[in-house]
Amino acid sequence: MGSSTAIRELQRDLENKANDLSKLQKDIAKNHQVRKKYTIQLGENELVLKELDLLKEGANVYKLIGPVLVKQDLAEANANVRKRIEYISAELKRLDGTLQDLEEKQNSKKDAIFKLQQRIQSFQAGKAKA
């Protein structure tokens, strides 16, 4: 009777670890989505910066605020875009760190699950021999 209780306990532990792994995988997927969004924004902002660099001093620059185009100083527009690029780059770096941490946790969970499955199999093999 003791070995079947131990197997049930191990299987419950296995289920919990599998659920944790599933949550980690969802977090990783969400991280990838957010990272993709920021990467697209970074590309767009770098394109805007290149366009602004092509303009001559004193050129008219307009910013879309809601449904209205508002005139903006070229230097101010340049500074705003550079700040945005700086912010997005920092966010991407932060997301990379988070992703690396999540992937390490995922790998350790997979290892723990694999070892637990081996223990269950060895218990079952020992029980089958008896």
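Nothing here was measured: the structure is a model prediction, and the numbers come from that model. When reading the values below, keep in mind they use all heavy atoms of this one structure, side chains included, and skip hydrogens, waters and symmetry mates.
Between Lys105 and Asp101 there is a salt bridge, since a side-chain N of the basic residue sits under 4.0 Å from a carboxylate O of the acidic one.
Note on Tyr38 and Val81: same hydrophobic cluster, where clusters join Ile, Leu, Val, Met, Phe, Trp and Tyr whose side-chain heavy atoms are under 4.5 Å apart, directly or indirectly. Side-chain heavy atoms closer than 4.5 Å link hydrophobic residues (I, L, V, M, F, W, Y) into clusters, and following such links, possibly through other members, connects Leu10 to Ile113. Both Leu52 and Ile88 sit in one connected hydrophobic cluster of ILVMFWY residues. Membership requires side-chain heavy atoms under 4.5 Å apart, directly or through other members. In the hydrophobic clustering of this structure, Val61 groups with Leu49; members are Ile, Leu, Val, Met, Phe, Trp, Tyr whose side-chain heavy atoms approach within less than 4.5 Å, directly or through other members. Hydrophobic clustering of Ile, Leu, Val, Met, Phe, Trp and Tyr side chains at less than 4.5 Å, counting indirect connections, unites Val48 with Leu92.
By the salt bridge (Lys or Arg N to Asp or Glu O under 4.0 Å) test, Arg119 is found to be paired with no residue, residues two or more places apart in sequence or in another chain being considered. Applying the side-chain hydrogen bond (donor to acceptor under 3.5 Å, both in side chains) rule to Asp96 yields the partners Arg35; only residues at least two apart in sequence or on another chain are considered.
With Tyr87 as the fixed residue, the side chain to side chain contact (heavy atoms under 4.5 Å, CB included) test singles out one of Glu91, Lys83, Arg84: Glu91.
Here CG of Leu74 is found 10.5 Å from CD of Glu76. Values are rounded to the nearest 0.5 Å. Taking CG of Leu24 as the start and CG of Asn107 as the end, the distance is 10.0 Å to the nearest 0.5 Å. Here CD of Glu44 is found 7.0 Å from CD1 of Ile40. Values are rounded to the nearest 0.5 Å. From Asn60, atom CG reaches atom CG of Asp73 across 10.5 Å, with rounding to the nearest 0.5 Å. Atoms CD and CG, on Gln72 and Asn78 in that order, are 10.0 Å from each other to the nearest 0.5 Å. Ile28 CD1 to Gln106 CD: the interatomic distance, rounded to the nearest 0.5 Å, is 4.0 Å.
Here the closest heavy-atom approach between residue His32 and residue Leu99 is recorded as CE1-CD2, 3.8 Å. Contact between Lys17 and Lys109 at its shortest, heavy atoms only, is O-CD, 4.3 Å. When every heavy atom of Leu95 is checked against every heavy atom of Asn31, the shortest pair comes out as O-ND2, 3.4 Å. Across every non-hydrogen atom of Gln124 and Ile7, the tightest pair is CG-CD1, 3.9 Å.
At least one side-chain heavy atom of Leu102 sits less than 4.5 Å from a side-chain heavy atom of Thr98. At least one side-chain heavy atom of Glu46 sits less than 4.5 Å from a side-chain heavy atom of Ile85. No side-chain heavy atom of Tyr62 sits under 4.5 Å from any side-chain heavy atom of Val70.
Side-chain atoms of Ser22 do not come within 3.5 Å of backbone N or O of Ala18 as any donor-acceptor pair. The backbone N or O of Glu9 lies less than 3.5 Å from no partner atom in the side chain of Asp13, so there is not a single donor-acceptor pair.
With a 6.0 Å radius and a threshold of 12 heavy atoms from other residues, nucleotides or ligands, Gln118 has its CD atom above the threshold.
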